[in-house]
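The structure appears right after this line, and notes come after that.
In what follows, chains are A, B, ... by sequence order, proteins preceding strands, each numbered from 1.
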Amino acid sequence: MSFQKHASDLFHTMSQMLELTGSDRFRVNAHAKASRIIKDTTVDLEPLARDGDLKAIAAIEGIGKGTAAKLIELAQTGTISEYEALCTKVPIGVMEVLGVQGLGPKTVKLMWEQKGVESIDDLKRILDDGSILELPRMGEKTVENIKASIAFLESSGRRLPIGIAQQVADRFITMLKEAPGTIRVAFAGSLRRGKDSIGDVDILIATTDPDAAREAFTTCDGVMQVLAKGETKCSIRTAIGDSASRWGKDKNAAVQVDLRMVDEPNWGAALLYFTGSKEHGVRLRERAISMGMTLNEYGLFKDASSEADFKKMPPQTRGIEPIACASEEAIYLALEMPFIPPTMREDRGEMKLTEPIHVIELEDIKAELHSHTMASDGKMTIEESAAIAKARGFHTLAITDHSQSSAVAGGLKPHRLCEHIKSIREANTRIDGITLLAGSEVDILVDGTLDYDDDLLHALDVVVASPHAGLRAKPKQATKRLLKAIEHPMVHIIGHPTGRLIEQREGLSPDMNEIIAAAIEHHVALEINSHWMRLDLRDTHVRAVVEAGALISINCDGHHPGDYDNLIFGVLTGQRGWLTAERCINTWDAKKLHGWLKSKR
DNA sequence: GCCGTTTTCGGCCCGACTGTTTTCAGTCG
């Protein structure tokens with residue numbers, strides 16, 4: 001595990017332990033925030049911490065001298081004394097109990113202190129023998145909810161890949177559009193922000209008939225449990241359904257879906273609020289206060305009232321008219337900020353922007369440079385794939401089937417690749433309106449060499465070099481391997497550079513700063529693989545690439561016709577890394593792109 | 001623990017829902 005991931009995990013655990021020991025809540029928050037920033041930052045913390053550079057670390061916003069000192073301690077001694085001290089106070093197993101939905105620090109602390117609950121198994125014990133009912137504020141209904149939450153956690157507690165969450169959201173949106181009285185319906189939350197994995201699906205609806213929406217939502221097919229059913233908010237757990245088979249083995253997979261009912265005139269304020277992130281929302285509300293205003297899900301209010309008792313009532317209930325609420329754009333404008341796209345709302349520096357950043361959009365993509373056909377493990381012919389790419393308005397499609405070492409993927413032996421190149425060239429003469437390029441997704445072997453000899457590589461228009469095996473290698477070895485591929489003069493793109501699979505396989509952890517520096521030096525583009533199981537590079541890597549000024553290539557890695565629809569997830573990942581169109585080679589016009597590809601021949 | 005266009009001290013976002021409460025605490029996002 002990388003130093004930063006490890007440090008981030010430690011701070012997260014410390015934050016929970018502080019909460020359980022009744023520490024000052026602002027201190028708890030500061031630790032949680034530090035955990036998030038350590039995970040997200042593009043600053044390489046390990047060398048700074050090893051050198052004891054307190055000043056440089058504390059210069060990162062949200063990281064102060066206290067946290068910086070602990071990071072240095074971690075790098076130099078291997079642990080943090082505050083963490084060790086907390087471990088003697090709080091059994092580590094108590095933290096897993098905090099993961100049960102509906103149980104917060106107060107309740108978990110009570111269970112731990114009064115009933116000796118130090119694990120989920122202990123919790124099950126006091127549920128089974130009924131002694132949980134001896135705790136204050138604990139009744140039959142709460143007990144049932146806890147049992148359901150444990151079952152949820154054990155069956156499918158993990159986060160959903162965005163591709164699956166999107167299917168769930170689309171299903172509910174289609175259903176709610178049919179409900180009587182619906183004016184508008186949309187998904188919000190982390191799904192709208194394009195995160196690579198989604199904890200729960202948020203749906204927003206404006207309707208003249210809330211009762212109908214509530215009924216439709218809580219009684220539709222697949223609903224396993226209704227968690228809340230209130231005036232403005234409903235929560236359910238639903239089976240994932242058809243999508244589960246595509247996802248993998250877990251047919252019992254479930255996900256929580258929240259429905260928020262809002263008034264149409266406040267749509268923008270509600271959408272902004274429920275899109276989050278929580279941290280971005282906090283920053284916005286702080287900014288509003290500093291400007292003498294109040295921001296909530298009903299709007300942005302000029303709130304000069306200083307009466308303390310008035311302050312206790314939200315402005316909308318005091319008859320104050322919002323100065324902005326209809327659209328997100330209006331609210332950002334009133335806050336004197338540029339519009340921040342949903343994908344950038346993570347409190348990763350966007351609050352400091354004075355000018356808008358025009359991040360890449362789906363429509364900017366004009367070429368697909370990584371696709372498979374029936375020649376290897378794809379399910380499309382060259383012609384089928386070309387027709388789809390053409391229909392999407394692409395000017396170029398590169399056919400890049402697997403190389404010989406990927407035996408399970410039907411990788412092509414050299415003589416078959418030669419025949420395949422001929423087929424692609426022949427198809428290119430036959431098919432109008434799109435340029436077909438002959439390429440290959442060439443394995444980067446464990447030692448960093450490529451899977452075909454240079455003569456054969458030279459015959460290809462596009463070389464996507466990707467790691468497929470040996471994905472458990474140590475960071476140093478992984479860095480060396482990828483660097484060797486980047487330095488190869490005939491490589492255009494490094495495909496899914498880390499080989500991670502979301503929620504399934506961590507993949508490689510190379511030194512991204514070294515990788516990016518080499519990519520710049522050797523004019524190699526790093527891929528954002530758009531498949532929702534991969535999204536590799538991930539958002540924070542893209543941000544580092546963008547800051548350093550390297551090139552990105554966003555590709556579908558299509559095997560099935562439907563895989564072209566995954567492109568949006570790659571684009572959203574790019575946006576999350578603040579990627580602009582000009583840094584992405586797939587947005588270039590044909591002349592520029594083909595010229596760049598030929599420069600490596 | 002962090003931070004500063006009043007501040008190195010004294011603040012630190014806002015509202016909804018549930019369950020067990022007879023007026024509200026705990027949790028969530």
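Distance from the side chain of Y273(A) is smallest for dG29(B) among the nucleotides dT18(B), dT21(B), dG29(B). Across dC13(B), dG1(B), dC17(B), the shortest atom-to-atom separation from the side chain of T232(A) is found for dC17(B). Candidate nucleotides dG26(B), dC13(B), dG29(B) were compared by shortest atom distance to the side chain of E286(A), and dC13(B) ranks first. For I289(A), whose side chain is taken as the heavy atoms from C-beta onward, the closest listed nucleotide among dC13(B), dG15(B), dT18(B) is dC13(B).
Between the C1' atom of dT18(B) and the CD1 atom of I146(A) lies a distance of 13 Å, rounded to the nearest Å. What separates CG of L135(A) from C1' of dT21(B) is a distance of 16 Å, to the nearest Å. Atom CZ in R137(A) sits roughly 11 Å away from atom C1' in dT27(B) (whole-Å rounding). Rounded to a whole Å, the CD1 atom of I236(A) is 18 Å from the C1' atom of dT18(B). Taking atom CD1 of I38(A) as the reference point, atom C1' of dG1(B) lies 12 Å away to the nearest angstrom. Distance CG (L54(A)) to P (dC2(B)): 10 Å, rounded to an integer number of Å. For D347(A) and dC2(B), the CG to C1' distance is 13 Å, given to the nearest whole Å. If you take OH of Y83(A) and P of dG1(B), they are 17 Å apart, rounded to a whole angstrom.
Between dG19(B) and K141(A), a contact under 4.0 Å exists linking OP1 or OP2 to a side-chain N or O. Put simply, T142(A) has no side-chain N or O that comes within less than 4.0 Å of OP1 or OP2 on dT18(B). At dC28(B), none of the side-chain N or O atoms of S235(A) fall inside 4.0 Å of OP1 or OP2 (strictly under the cut-off). The side chain of K233(A) places no N or O atom within less than 4.0 Å of a non-bridging phosphate oxygen (OP1 or OP2) of dG29(B). Put simply, N145(A) has no side-chain N or O that comes within less than 4.0 Å of OP1 or OP2 on dT18(B).
Between dC9(B) and dG15(B), the two C1' atoms lie 30 Å apart (nearest whole Å). With both ends at atom C1', the span from dT27(B) to dT21(B) equals 16 Å, rounded to whole Å. Rounded to a whole angstrom, the distance from the C1' atom of dC2(B) to that of dT8(B) is 12 Å. Taking atom C1' on both dC14(B) and dT20(B), the two are 24 Å apart, rounded to the nearest angstrom. For the C1' atoms, the distance linking dG11(B) with dA16(B) amounts to 26 Å, nearest Å. For the P atom pair drawn from dT5(B) and dG1(B), the interatomic distance equals 23 Å after rounding to whole Å. Separating the C1' atom of dT22(B) from that of dC28(B) is a span of 25 Å, rounded to the nearest Å. As rounded to the nearest Å, dG4(B) and dC13(B) have P atoms that lie 15 Å from one another.
With respect to the salt-bridge test (charged N to carboxylate O, under 4.0 angstrom), the residues E286(A) and R283(A) qualify. The pair K106(A)-E19(A) does not meet the salt-bridge criterion, since no charged nitrogen lies less than 4.0 angstrom from a carboxylate oxygen. Residues R543(A) and D539(A) are not paired through a salt bridge, judged by the lack of any N-O separation under 4.0 Å between the basic side chain and the carboxylate. The pair E336(A)-R287(A) does not count as a salt bridge, with every side-chain nitrogen at least 4.0 angstrom from each carboxylate oxygen. R348(A) has no carboxylate O lying under 4.0 Å from a charged side-chain N of E547(A), or vice versa, which leaves the two without a salt bridge. Ion pair E328(A)/R345(A) flagged as a salt bridge, since at least one NZ, NE, NH1 or NH2 atom sits closer than 4.0 Å to an Asp/Glu carboxylate oxygen. The residues E61(A) and K352(A) are annotated as salt-bridged, a charged nitrogen and a carboxylate oxygen being separated by less than 4.0 angstrom. Salt bridge annotation for E503(A)-R159(A): absent, with no cationic side-chain nitrogen under 4.0 angstrom from a carboxylate oxygen.
No donor-acceptor pair under 3.5 Å is formed between the side chain of S197(A) and the backbone N or O of L160(A).
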For nucleotides 3-8 of chain B, list the nitrogen or oxygen atoms of the protein found under 3.5 Å from its nitrogen or oxygen atoms, one pair per line.
| residue | atom | partner | partner atom | Å |
| --- | --- | --- | --- | --- |
| dC3(B) | OP1 | G62(A) | N | 2.6 |

Evaluate side-chain contact (heavy atoms from CB on, under 4.5 Å) for E346(A) paired with D40(A), printing each intermediate quantity in order. CA-CA 10 Å; E346(A) 296 289 347; D40(A) 288 349; 5.6 Å; no
Steps toward side-chain contact (heavy atoms from CB on, under 4.5 Å) verdict (K89(A), M17(A)): CA-CA 9 Å; K89(A) 288 187 197 159; M17(A) 287 171 156; over 6 Å; no
Could you please spell out the steps behind the side-chain contact (heavy atoms from CB on, under 4.5 Å) verdict for L127(A) and V143(A)? CA-CA 7 Å; L127(A) 280 164; V143(A) 166; 3.7 Å; yes
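Residue R27(A) is the one, among R27(A) and C234(A), whose nearest nucleotide of DNA chain B lies closer to the 5' end (criterion: closest heavy atom). Remark on DNA chain B: of its neighbouring residues L227(A) and L103(A), the 5'-side contact belongs to L227(A), judged by nearest-heavy-atom nucleotide.
Nucleic acid contact class of D200(A) (heavy atoms, under 4.0 Å, all strands): sugar-phosphate only. Across all strands, P136(A) comes closer than 4.0 Å to no nucleic acid atom at all (heavy-atom distances). Within the nucleic acid shown, Q256(A) has no heavy atom closer than 4.0 Å to any nucleic acid atom. Looking at heavy-atom distances under 4.0 Å, F274(A) makes no contact with the nucleic acid at all.
For the segment residues 106-116 of chain A, the set of residues with a heavy atom within less than 4.0 Å of an atom of DNA chain B comprises K106(A), T107(A), in numerical order. Contacts of residues 277-285 of chain A with DNA chain B (heavy atom under 4.0 Å): K278(A), V282(A), R285(A).
Once the 5.5 Å centre distance and the 30° plane angle are applied, the aromatic ring of F26(A) is found stacked with the base of dC12(B).
Classification of the Y332(A)-F339(A) ring pair by plane angle, with boundaries at 30° and 60°, yields perpendicular.
Test T294(A), I323(A), L333(A) against L300(A) for side-chain contact (heavy atoms from CB on, under 4.5 Å) and you get one pass: I323(A).
Distance check, rounded to the nearest 0.5 Å: CG of L123(A) to NZ of K147(A) gives 10.5 Å.
The partner of dT8(B) is absent, by the rule that a Watson-Crick or G-U pair needs both atom distances under 3.5 Å.
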